[in-house]
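To find a chain, count down the sequence lines: A is the first, B the second, and so on, and within it residues start at 1. What you see is a predicted model; the values in this text were computed from it and never measured. Side-chain atoms are counted along with the backbone in the values below, which use heavy atoms only and exclude waters and symmetry mates.
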Amino acid sequence: MRMSRMFSKTLREAPNGADSKGYEYLLRAGYIRQMGAGIFSLLPLGFRATQKIETIIREEMDRIGAEELLMPVVNPADIWKETGRYYSIDKEMGRFKDRNNRDMVLAMTHEEAVTDLARNLIDSYKRLPLLVYHIQTKWRDDPRPRAGLIRVREFTMLDSYTFDKDYEGLQKQYAAHYKAYFRIYSRCALPCVAVAADTGMMGGKVSHEYMYLSPIGEDTIILCPECGYTANRQVAKMKKEYFKEAEKPIEKVETPEAKTIEALAEFLKIDPRKTAKCVFMVGTFINDKNGEEEDKLVVALVRGDLEVEESKLSNAIKANALRPARPEEIEAHSMVPGFASPIGATGDFITVIDDTVAESNNLVAGANEAGYHYLNTNFGRDYTGLVADIASARDGALCPHCGKPLKASKGVEIGNIFQLGTRYSEAMNATYQDEEGKQIPVVMGSYGIGVGRLLACLAEEYNDEGGLKLPISVAPYQVHLVSLVKDTAIAESIYEDLTKAGIEVLYDDRKETAGVKFADADLIGAPIRITLGNRSLKEGKVEVKLRSSGEETSYLISDLADEIKNEIAKEMAKIEANIVEKELED
RNA sequence: CGGGUAGUAGCGCAGGGGCUAGCGCACUUGGUUCGGGACCAAGGGGUCGGAGGUUCAAAUCCUCUCUGCCCGACCA
């Protein structure tokens with residue numbers, strides 16, 4: 001490609017709002033342009049990069065025996081009503097009516113669409129297992145798009161779906177994806193970890209997320225440096241200690257102004273771990289069948305030194321949404337914020353108790369009277385409720401497997417795999433006939449990778465003061481040819497030779513000064529830069545510089561195509577030498 | 001949806017009731033330069049986000065509204 005003809009322009013200054021380096025350079029180098037909040041165009045450079053990522057994805061999906069298809073972005077709402085997600089998903093789903101006033105949705109994922117196909121196509125156990133995928137546009141009306149391509153509303157996603165006759169089959173396909181995803185990311189040279197994850201709106205049981213660890217990430221990952229345990233904080237477990245002792249009689253004490261656990265522990269001169277912290281939320285429960293909503297107060301109890309993990313709480317009570325409760329909602333149940341506990345509360349509400357509280361004795365809890373707490377409260381005797389793990393694992397908490405301290409790290413979710421089971425096949429009646437002639441729901445899995453987000457993470461990982469330096473497997477062009485001599489004939493013939501040899505060349509044929517051309521080459525970041533200048537031309541040579549290492553050599557123009565092919569092969573070999581082959585452990 | 005912040009040329013910004021709305025970069029033309037974002041000269045480009053109002057006079061003050069960004073809620 002000639003730069004003089006390229007539908008793109010580099011920017012000297014970062015547009016306002018480009019807060020991370022990766023985003024700034026994608027904009028400045030002319031890979032992407034923003035159109036609205038969370039809506040971006042991929043300019044030719046960005047498009048070429050994502051096409052390369054998609055090619056890698058296709059090759060790896062093919063390796064595990066997948067077939068590519070293409071499902072529509074626009075779905076009739078009917079199938080989403082069948083699974084209930086038409087009701088349980090709120091404003092995040094794009095909805096409209098067609099000319100005949102029928103409800104339509106913009107698919108944010110394709111479980112419904114693919115299950116609709118499956119129930120028609122799958123009849124017998126003999127047709128299973130199956131594995132299909134597509135790479136397609138999604139619209140998710142995220143409440144807060146941010147950080148460029150990291151969190152957008154319209155994006156391209158690889159999503160694949162598996163169909164099996166049983167969980168054993170699903171396990172195999174899941175394990176194949178687990179491994180294939182590591183190959184995909186490592187072929188893009190993006191470092192990542194797989195973590196145990198929440199299933200969220202997808203439903204299902206087992207799920208892993210692939211995380212690019214970076215401070216720009218929004219998820220918090222809990223890792224054990226000792227034994228390798230990794231999980232999203234939303235589901236991360238930790239080793240908990242209980243304080244078991246003989247139950248003592250409950251006793252009301254005056255605790256003026258002790259509205260927080262810290263103040264309370266200070267006032268009573270006790271360890272915060274001897275207290276029960278009461279957190280109030282309001283859960284929204286949506287009826288899958290008709291979309292009716294119901295709000296209920298949720299009282300969550302954790303030991304004083306711990307925090308409530310909202311995802312765990314939400315999962316424990318199967319709420320569709322959870323928000324902090326307002327004081328009047330708490331008071332309506334005869335509880336006093338700051339001095340609250342379920343003891344003596346009135347009305348209909350849900351109590352969820354972390355096992356640290358349920359399994360410990362004689363904890364201090366609120367007396368529901370301003371200025372008073374109870375000593376020696378005990379679960380079972382003084383109050384009851386649902387016992388679940390709802391406490392948040394944090395940096396320094398103990399590993400559930402080996403007991404060593406855990407580390408917390410920020411991460412960007414670049415992929416997610418789910419064992420759905422029969423959540424969708426049952427709802428949509430996608431069954432197969434088994435050997436005995438019985439109709440059995442198909443066991444499903446679903447798997448996804450955000451292509452644009454992957455590019456954004458790569459831009460974040462691979463940059464320096466000069467701009468981007470994407471790995472050769474995903475860089476839009478392999479070679480950037482910079483000509484500094486007036487006579488264009490030699491550069492033109494080099495460009496032609498390299499292109500004919502199958503090399504992807506971005507040729508700077510503009511009438512610009514050397515500084516401008518070098519700066520743009522650095523910004524765009526092709527892995528190999530060829531400089532045609534008077535210095536080495538005297539000897540019939542050009543200079544070759546690697547963007548990643550800065551390493552420089554020179555080659556005779558007569559040998560150039562072969563030498564460059566060799567350089568490309570070397571760069572590719574570096575990536576291939578580091579392909580991650582990681583098996584799923586259970 | 002709450003809190004904050006900002007919309008003035010393609011990008012970055014200044015101007016905050018008064019004559020033709022500026023600056024840097026980018027762009028056009030001519031010339032000189034020519035291996036790390038050159039120089040000189042001459043140019044082109046704006047309904048000051050939108051609507052309504054106040055005023056002799058509005059980019060500037062007021063009201064409403066739209067949009068972007070940041071924090072939170074939220075999120076595969």
Side-chain angles (χ1 to χ4, degrees), chain A residues 8-20 23-24 27-28 30 33-40 85 89-93 107-111 138-148 150-153 155 157-160 195 197-204 207-211 217-219 232 234 281-282 284 310-311 314 320-324 326 411-418 420 446-450 453 465-467 482-487 508 510-523 529 531-537 542-543 545 550 552:
Chain A
S8 185
K9 187 164 117 176
T10 55
L11 299 172
R12 279 206 192 191
E13 287 174 289
N16 197 354
D19 45 355
S20 74
Y23 181 25
E24 177 189 330
L27 285 168
R28 283 185 52 203
R33 261 316 119 93
Q34 184 171 21
M35 191 176 275
I39 304 176
F40 285 83
R85 288 209 287 186
I89 296 171
D90 194 19
K91 290 183 179 156
E92 205 181 341
M93 180 152 60
M108 39 201 291
T109 171
H110 280 73
E111 282 77 17
K138 310 288 183 218
W139 170 259
R140 295 187 187 178
D141 199 352
D142 193 291
R144 187 149 118 72
R146 55 176 291 273
I150 294 287
R151 202 168 136 181
V152 292
R153 297 194 292 170
F155 59 102
M157 182 165 114
L158 152 78
D159 41 325
S160 61
V195 307
D198 188 24
T199 52
M201 73 163 185
M202 304 296 290
S207 158
H208 283 84
E209 287 167 341
Y210 290 79
M211 290 285 174
E218 298 181 275
D219 285 280
N232 193 307
Q234 293 176 330
M281 308 291 292
V282 170
T284 302
E310 286 182 29
S311 304
S314 183
N320 291 76
L322 213 53
R323 62 164 172 84
R326 293 187 289 268
V412 180
E413 181 192 337
I414 46 171
N416 207 175
I417 57 179
F418 295 93
L420 296 175
S446 96
Y447 317 81
I449 292 177
R453 185 180 276 188
E465 320 74 54
V482 175
S483 172
L484 301 177
V485 295
K486 279 203 199 73
D487 181 3
D508 196 343
R510 299 173 302 170
K511 288 182 175 53
E512 290 288 352
T513 58
V516 169
K517 289 185 174 187
F518 286 144
D520 281 349
D522 288 347
L523 204 48
R529 189 184 81 191
T531 307
L532 174 63
N534 291 321
R535 278 184 201 163
S536 42
L537 193 55
V542 291
E543 290 141 51
K545 185 173 184 180
E552 273 186 282

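- Annotation: side chain to side chain donor-acceptor pair (under 3.5 Å) contacts of A/T284 (sequence neighbours excluded): A/D295.
- Applying the side-chain contact (heavy atoms from CB on, under 4.5 Å) test to A/E218 and every residue at least two apart in sequence or in another chain returns A/R146, A/R151.
- With a 3.5 Å ceiling on both atom-pair distances, the Watson-Crick or G-U wobble partner of B/rC69 is B/rG4.
- Between A/R28 atom CZ and B/rG12 atom P there is a gap of 12 Å when expressed in whole angstrom units.
- One atom, CG of A/D142, and another, C1' of B/rG72, lie 14 Å apart when rounded to the nearest Å.
- With the nearest nucleotide of RNA chain B identified for both A/P145 and A/V516, A/V516 has the one nearer the 5' end.
- A donor-acceptor contact under 3.5 Å is not formed by the side chain of A/E512 with the base of B/rG37.
- The distance from atom CG of A/L27 to atom P of B/rG12 is 10 Å, rounded to the nearest whole Å.
- Residue side chain A/E543 reaches the base of B/rG35 through a donor-acceptor N/O pair under 3.5 Å, judged by distance alone.
- Pair assignment for B/rU47 gives none, since no Watson-Crick or G-U wobble pairing has each distance under 3.5 Å.
- The phosphate of B/rC75 has neither OP1 nor OP2 within less than 4.0 Å of any side-chain N or O from A/Q234.
- Between A/N16 and B/rC13 there is a side-chain polar atom (N or O) within less than 4.0 angstrom of OP1 or OP2.
- For the P atoms, the distance linking B/rG52 with B/rG44 amounts to 31 Å, nearest Å.
- Among the atoms of the strands shown, only primed sugar atoms or phosphate atoms (P, OP1, OP2) are found under 4.0 Å from some heavy atom of A/A147.
- Atom CG in A/N416 sits roughly 12 Å away from atom C1' in B/rC75 (whole-Å rounding).
- Atom pair A/R323:CZ and B/rG72:P shows a separation of 20 Å (rounding to whole Å applied).
- Within the shown strands, B/rA42 is the pairing partner of B/rU28 under the Watson-Crick or G-U definition, both distances less than 3.5 Å.
- For the C1' atoms, the distance from B/rG7 to B/rA14 is 15 Å, rounded to whole Å.
- Judged by atom type and distance alone, A/R529 does not reach the base of B/rG35 through any side-chain donor-acceptor pair under 3.5 Å.
- Nearest nucleotide to the A/A519 side chain, out of B/rG37, B/rG68, B/rC74: B/rG37.
- Atom CZ of residue A/F418 and atom CD of residue A/E209 lie 7.0 Å apart, to the nearest 0.5 angstrom.
- Base pairing analysis places B/rC34 opposite nothing; no Watson-Crick or G-U wobble pair with both distances below 3.5 Å involves it.
- Base pairing analysis places B/rA57 opposite nothing; no Watson-Crick or G-U wobble pair with both distances below 3.5 Å involves it.
- Note on A/R144: a side-chain N or O is less than 4.0 Å away from OP1 or OP2 of B/rC71.
- Side-chain proximity of A/L11 to the nucleotides B/rC11, B/rG68, B/rG36 is greatest for B/rC11.
- No contact: A/I150 has no heavy atom under 4.0 Å from any strand.
- Nucleotide B/rC75 has no partner under the Watson-Crick or G-U criteria, as no pair reaches both atom distances under 3.5 Å.
- With hydrogens and angles ignored, no donor-acceptor pair under 3.5 angstrom links the side chain of A/N534 to the base of B/rG35.
- Contacts of A/D522 with the nucleic acid, taken as non-hydrogen atoms under 4.0 Å apart, include base atoms.
- Checked against B/rG35, B/rC75, B/rA26, the side chain of A/L484 finds its nearest nucleotide in B/rG35.
- From A/E552, atom CD reaches atom OG1 of A/T531 across 7.0 Å, with rounding to the nearest 0.5 Å.
- Using a 4.0 Å heavy-atom criterion, one finds that A/K511 contacts no nucleic acid atom at all.
- Base engagement by A/G533 is indicated by at least one non-hydrogen atom pair under 4.0 Å involving a base atom.
- One can place CD of A/E465 at 15 Å from C1' of B/rG37, the figure rounded to the nearest angstrom.
- Residue A/R12 places at least one side-chain N or O closer than 4.0 Å to OP1 or OP2 of B/rA26.
- For B/rC71, one of the phosphate oxygens OP1 or OP2 lies less than 4.0 angstrom from a side-chain nitrogen or oxygen of A/R146.
- Salt-bridge check for A/R153 with A/D142: failed, with every basic side-chain N at 4.0 Å or more from each acidic carboxylate O.
- A straight line from CE of A/M108 to C1' of B/rC74 spans 12 Å, rounded to a whole angstrom.
- Within the 4.0 angstrom heavy-atom criterion, only backbone atoms of the sugar-phosphate kind lie near A/P15; the bases stay farther away.
- Taking only side-chain nitrogens and oxygens, A/T513 comes nearer than 4.0 Å to OP1 or OP2 of B/rA38.
- On the C1' atoms, B/rU47 is 34 Å away from B/rG2, given to the nearest whole Å.
- No contact: A/D219 has no heavy atom under 4.0 Å from any strand.
- Looking at heavy-atom distances under 4.0 Å, A/K486 makes contact with a base.
- Atoms CD (A/E13) and P (B/rA9) sit 14 Å apart, rounded to a whole Å.
- A/A514 comes within 4.0 angstrom of the backbone, heavy atoms only, and of no base.
- Distance from the side chain of A/R151 is smallest for B/rA73 among the nucleotides B/rA73, B/rG68, B/rG35.
- In a base pair of the Watson-Crick type (N1 to N3 plus N6-O4 or O6-N4) or a G-U wobble (N1-O2 and O6-N3), with each distance short of 3.5 Å, B/rC23 is matched with B/rG12.
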